[in-house]
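Here is the structure we will look at, set down as structure tokens.
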Amino acid sequence: MSLQVKEIELRVGDPASEAWLAVHHAANRAVWGEGAERISVEEILDIAPRRHEVRRTFVVVAAGSDAPVASAQTIRRTRENVETGGVWLSVHPDHQRHGIGTLLLARCEQSLRDDGCTRIHEHSGSPVENGDGATQFALANGYRQTLADLRQDLPLPVTEGTLTELDPGLDETAYVVETAVDALPEEWLEDRALLARRMSTDAPTGDIELDEEDWDADRVRRQWNTPSPIWAVETVARHVPSGQLVAFTDLLVRPAQPDLAVQSDTLVLREHRGHALGLAVKLANLRALQRERPDVTTVRTWNADTNTHMVAINARMGFSVTGWTREWAKDL
Ligand SMILES: CC(C)(COP(=O)(O)OP(=O)(O)OC[C@H]1O[C@@H](n2cnc3c(N)ncnc32)[C@H](O)[C@@H]1OP(=O)(O)O)[C@@H](O)C(=O)NCCC(=O)NCCS
């Protein structure tokens, strides 16, 4: 089969864009089964500018055909970590193990190199602890593993009895929790920018160094308070004596998968750790999710397997491990 790699432009409602996405979904289903995560073209186009990313989209087609056999996107950041690119790549299950993934990855790596990237940092997921095709593929292509994450799922609803039992009972003269649905109050934004800044360097990254993200109130406003197809609920903890926000956690629900809430970031500022604030904000956020979105049946989260404290909090809430994610790096 004579193959061609083509660059295309993603557009909502465009059949070529939908065919490109269908390859990702088919490959994902082959790995995870019917519960595989889905995304929409609309969301992909929404995410990139919000995260200060520039994405290029590639397909592999056989000569004389329009039907893609493999799909990929390169991801470049423009605000920080500008030299660290990402690649999202899938080969249709009917066409795997014919060198197509290797061909497309080489094209993506060249494109990132041409655009000034010096390394790639990406991840792959597997329902199998020891890894699967993606692990072997990454190793075969010269990537080194930097970190392993546990994927954990919590079936909903969690009963009010369980939530109350887990509630650490904060001393309300010291800390209170506050929750916002779908947009953040203006008066949170300055503090929330500091939390986002710290978040960008506090989560474990293994042996790869990433820049601190330069968050300010405007960036938080753009990320969280501009219209988006993605629904969000956030809970913060406020330190009462200073009035400062010192912890936060987010859950997101994406329109392509309205029964799944994905845990985004959770952080407690170092100087306020040890007061059960992580558990308190997570429980309050879960309560809000259940109240606002009773259609959600699962909450999903990922944590570095070395982040034993966060994994222990999750286990107390009823999460169990359903997958393993590996983070990879390669110098270009
Ligand atoms: C991982 C994936 C992209 C590989 O695509 P592919 O076209 O089958 O890969 P290639 O044929 O180029 O494989 C190159 C080498 O990788 C390794 N490899 C790839 N798939 C493998 C598998 N299922 N089992 C073992 N080794 C595998 C082999 O060393 C292979 O060389 P070989 O066939 O000569 O033994 C494809 O399986 C896929 O789309 N998976 C789901 C999506 C995903 O995980 N993407 C990566 C993260 S973004």
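What you see is a predicted model, and the numbers here were worked out from it, not measured in a lab. Counting starts at 1 for both ligands and their atoms, following the listed order.
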Non-hydrogen protein atom less than 4.0 angstrom from atom 31 (O) of ligand 1: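 So atom 31 (O) of ligand 1 lacks protein heavy-atom neighbours under 4.0 Å.
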Any non-hydrogen protein atom less than 4.0 Å away from atom 34 (O) of ligand 1: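 Given the 4.0 Å cut-off, atom 34 (O) of ligand 1 does not count as touching protein heavy atoms.
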CZ on R38 to CZ on R254, rounded to 0.5 Å: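 That separation rounds to 9.0 Å.
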Considering heavy atoms of the protein only, find what lies nearest to [atom] and give residue, atom and distance to 0.1 Å.
atom                    : answer
atom 25 (C) of ligand 1 : R97 NH1, 3.4 Å
atom 4 (C) of ligand 1  : F137 CD1, 3.6 Å
atom 7 (O) of ligand 1  : G101 N, 2.7 Å
atom 3 (C) of ligand 1  : L89 CD2, 3.5 Å

W328: which of N141, I208, L139, T146 passes side chain to side chain contact (heavy atoms under 4.5 Å, CB included):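 So, applying the side chain to side chain contact (heavy atoms under 4.5 Å, CB included) to W328 and each of N141, I208, L139, T146, only L139 qualifies.
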Ring-face cation contact, W224 with R50, 6.0 Å cut, 45° max: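 No, R50 and W224 do not form such a contact.
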Lys NZ or Arg CZ of R293 over W231 ring: under 6.0 Å, within 45°: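 The answer is yes; both the distance and angle limits are met.
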Geometric N/O contact [X] with ligand 1, under 3.5 angstrom:
X    : answer
A27  : no
A140 : no
W88  : no

Per-residue contact class, H98 against ligand 1 - non-hydrogen pairs under 4.0 Å: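 Near ligand 1, H98 shows its backbone, while the atoms from C-beta on stay back.
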Region of A134 that comes within reach of ligand 1 [heavy atoms, distance under 4.0 Å]: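 Both parts.
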Lys/Arg-Asp/Glu bridge criterion (N-O < 4.0 Å) met for R79, E53: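 E53 and R79: not salt-bridged.
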